[in-house]
Colleague: 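Have a look at this one.
Computation of the quantities below employed the complete heavy-atom set of this structure, encompassing side-chain atoms and omitting hydrogens, waters and symmetry-equivalent molecules. Letters A, B, ... mirror the listed sequences (proteins, then strands); counts begin at 1.
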Amino acid sequence: MVKKYWLVKSEPTAFSIEDLKNSKNQTTFWDGVRNYQARNYLRDEMKKGDGVLFYYSNTEPNVVIGICEVVKEGYPDHTQFDPESKHYFPSSDPKKPVWFMVDIKFVKEFKTPVTLEEIKENSKLSKMKLIQRGNRLSVMPVEKKEWDEIIKIGK
DNA sequence: GCCAACGTTGGC
DNA sequence: GCCAACGTTGGC
């Protein structure tokens, strides 16, 4: 099994890497993804042990703040069945859930977070989905060489 | 706060 | 099945 690499987005005001560190076992379920393409990655492709870049959007500056790892593979996102949740999705049938999530565990916080600007300026990172026009995916695959470069810069 | 990009919804 | 309207994302 070849290890794969991913990037997930979060607004730090919603869920920060500090929140992840403070979670039980430094692990959390990545709930609330309501996009089919991202869902397919969560459900079908993210495997235990895969590396995940933790990205902050809508901040100043936007950065890859650290890394974590997949510790539990795709399973139904319970918030879709919860009328109290803002992620409630009434048309989803518990016998055939629409939305999935994975569990991720904190690995490290970068000494030098990698800014969006640096990613844009780095020719090795110019193909990253993150900076492709109009991209709004909150979960996306990352190439190994891109992962390696980010890790090198972030430390 | 603005607005371009894009996904989803719903009328037809 | 088309597509206009609408809501959300996310960089700036």
Colleague: Which heavy-atom pair separates A/Ala14 from A/Asp19 by the least distance, and what is that distance?
Modeller: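 Heavy-atom minimum between the residues: O-OD2, 4.2 Å.
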Colleague: Regarding A/Arg34 and A/Thr79, do their side chains bring together a donor and an acceptor under 3.5 Å, going by distance alone?
Modeller: yes
Colleague: Would you confirm whether the ring centroid of A/Trp30 sits within less than 6.0 angstrom of the ring centroid of A/Phe100?
Modeller: no
Colleague: Nearest heavy-atom pair of A/Glu69 and A/Val107: which atoms, and what distance?
Modeller: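 Nearest heavy atoms, A/Glu69 then A/Val107: N-CG2, 3.7 Å.
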Colleague: I want to check something: taking the side chain as every heavy atom from C-beta on, are A/Asp148 and A/Lys144 in contact at a cut-off of under 4.5 Å?
Modeller: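 Counting from C-beta outward, A/Asp148 and A/Lys144 do come under 4.5 Å.
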Colleague: Under 4.0 Å, heavy atom to any atom of DNA chain C: which of residues 113-129 of chain A qualify?
Modeller: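 Going residue by residue through residues 113-129 of chain A, the ones with a heavy atom under 4.0 Å of DNA chain C turn out to be A/Leu116, A/Lys120.
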Colleague: Using a 4.0 Å heavy-atom cut-off, does A/Tyr55 contact any base of the nucleic acid, only the sugar-phosphate backbone, or nothing at all?
Modeller: sugar-phosphate
Colleague: Taking all non-hydrogen atoms of both residues into account, name the closest pair between A/Met46 and A/Glu73 and its distance.
Modeller: O-CG, 3.7 Å
Colleague: Ring of A/Tyr5, cation from A/Lys3 - is the NZ or CZ under 6.0 Å from the centre and inside 45° of the axis?
Modeller: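 Negative - A/Lys3 is either too far from the ring of A/Tyr5 or too far off its axis.
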Colleague: Tell me, for nucleotides 1-11 of chain B in 5' to 3' order, what letter each nucleotide earns: B for a base near a protein heavy atom under 4.0 Å, S for only sugar-phosphate near one, - for neither?
Modeller: ----BB-S---
Colleague: Please report the shortest heavy-atom distance between A/Asp77 and A/Gln80, naming the atom on each side.
Modeller: O-NE2, 2.8 Å
